[in-house]
Amino acid sequence: MKIYQITLLQSAQILAHSNQVSLLETLEQNGITHEYQCRSGYCGSCRVKMKKGKVSYKEHPLAFVNPDEILLCCCQVETDLELEL
């Protein structure tokens with residue numbers, strides 16, 4: 001199991017993440033709350049800007065995301081990330 005480093009730029013926090021849970025769940029487990037609604041990639045309310053790194057999606061999300069944005073609820077982390085969060 002690969003562990004990724006997630007750097008939250010606004011709070012200067014660094015979290016450990018495995019793809020066993022969603023990135024949104026990793027944040028919640030570390031006491032960080034973020035907006036969400038569907039947890040499935042439909043609504044886009046968990047959208048955040050990614051400054052560095054790479055993610056993928058098992059299924060293409062229905063919510064619109066810009067190239068520099070990810071959906072915390074359904075992305076699969078592929079490298080260490082830096083997020084504007």
Side-chain angles (χ1 to χ4, degrees):
M1 174 176 61
K2 175 87 170 118
I3 302 295
Y4 299 99
Q5 180 175 299
I6 310 300
T7 303
L8 308 179
L9 297 173
Q10 293 176 1
S11 62
Q13 287 183 276
I14 298 174
L15 309 176
H17 171 75
S18 76
N19 280 326
Q20 303 287 77
V21 298
S22 72
L23 196 47
L24 179 60
E25 289 172 294
T26 293
L27 293 174
E28 291 172 335
Q29 290 169 359
N30 285 276
I32 300 162
T33 57
H34 191 276
E35 179 69 31
Y36 71 90
Q37 294 293 322
C38 70
R39 291 187 181 260
S40 302
Y42 297 118
C43 72
S45 64
C46 67
R47 174 187 300 116
V48 297
K49 288 197 182 285
M50 179 176 65
K51 297 302 270 181
K52 190 177 192 182
K54 182 178 179 186
V55 301
S56 62
Y57 296 92
K58 287 182 181 178
E59 293 181 27
H60 191 71
L62 294 177
F64 175 78
V65 290
N66 289 310
D68 64 340
E69 296 175 330
I70 63 171
L71 297 177
L72 295 174
C73 71
C74 61
C75 71
Q76 295 292 302
V77 178
E78 295 191 13
T79 65
D80 293 343
L81 301 178
E82 289 183 5
L83 304 177
E84 279 191 11
L85 193 64

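Note that the structure is predicted; figures quoted are calculated from it, not measured.
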Q5 backbone acceptor or donor facing D80 side chain under 3.5 Å: yes

Shortest non-hydrogen separation from V21 to H17 and the atoms involved: O-CE1, 3.2 Å

Q13 side chain to S11 side chain, donor-acceptor N/O pair below 3.5 angstrom: yes

Residues that, via side-chain heavy atoms closer than 4.5 angstrom, fall in one hydrophobic cluster with Y42: L62

Least distance between heavy atoms, G41 atom then C74 atom: CA-SG, 3.7 Å

Shortest non-hydrogen contact from C43 toward A63: C-CB, 3.8 Å

Spatial distance of atom NE2 (H34) from atom SG (C73) [nearest 0.5 Å]: 11.0 Å

Under 3.5 Å: donor-acceptor pair, side chain of S45, backbone of Q37: yes

ILVMFWY clustering at 4.5 Å (side-chain atoms), partners of L81: Y4, I6, L8, L15, L23, L24, L27, I32, Y36, V48, M50, V55, Y57, V65, I70, L71, L72, V77, L83, L85

Value rounded to 0.5 Å, distance of SG in C46 from CD in E35: 9.5 Å

From N19 atom CG to K58 atom NZ, the distance as rounded to the nearest 0.5 Å: 8.0 Å

L9 and its side chain to side chain contact (heavy atoms under 4.5 Å, CB included) partner, picked from E82, K52, K49: E82

Ionic contact status for K54 with E78, cut-off 4.0 Å: yes

Pair listing, salt bridge (charged side-chain N to carboxylate O under 4.0 Å, His left out) test, anchored in residues 11-34, at least two apart: E28-R39

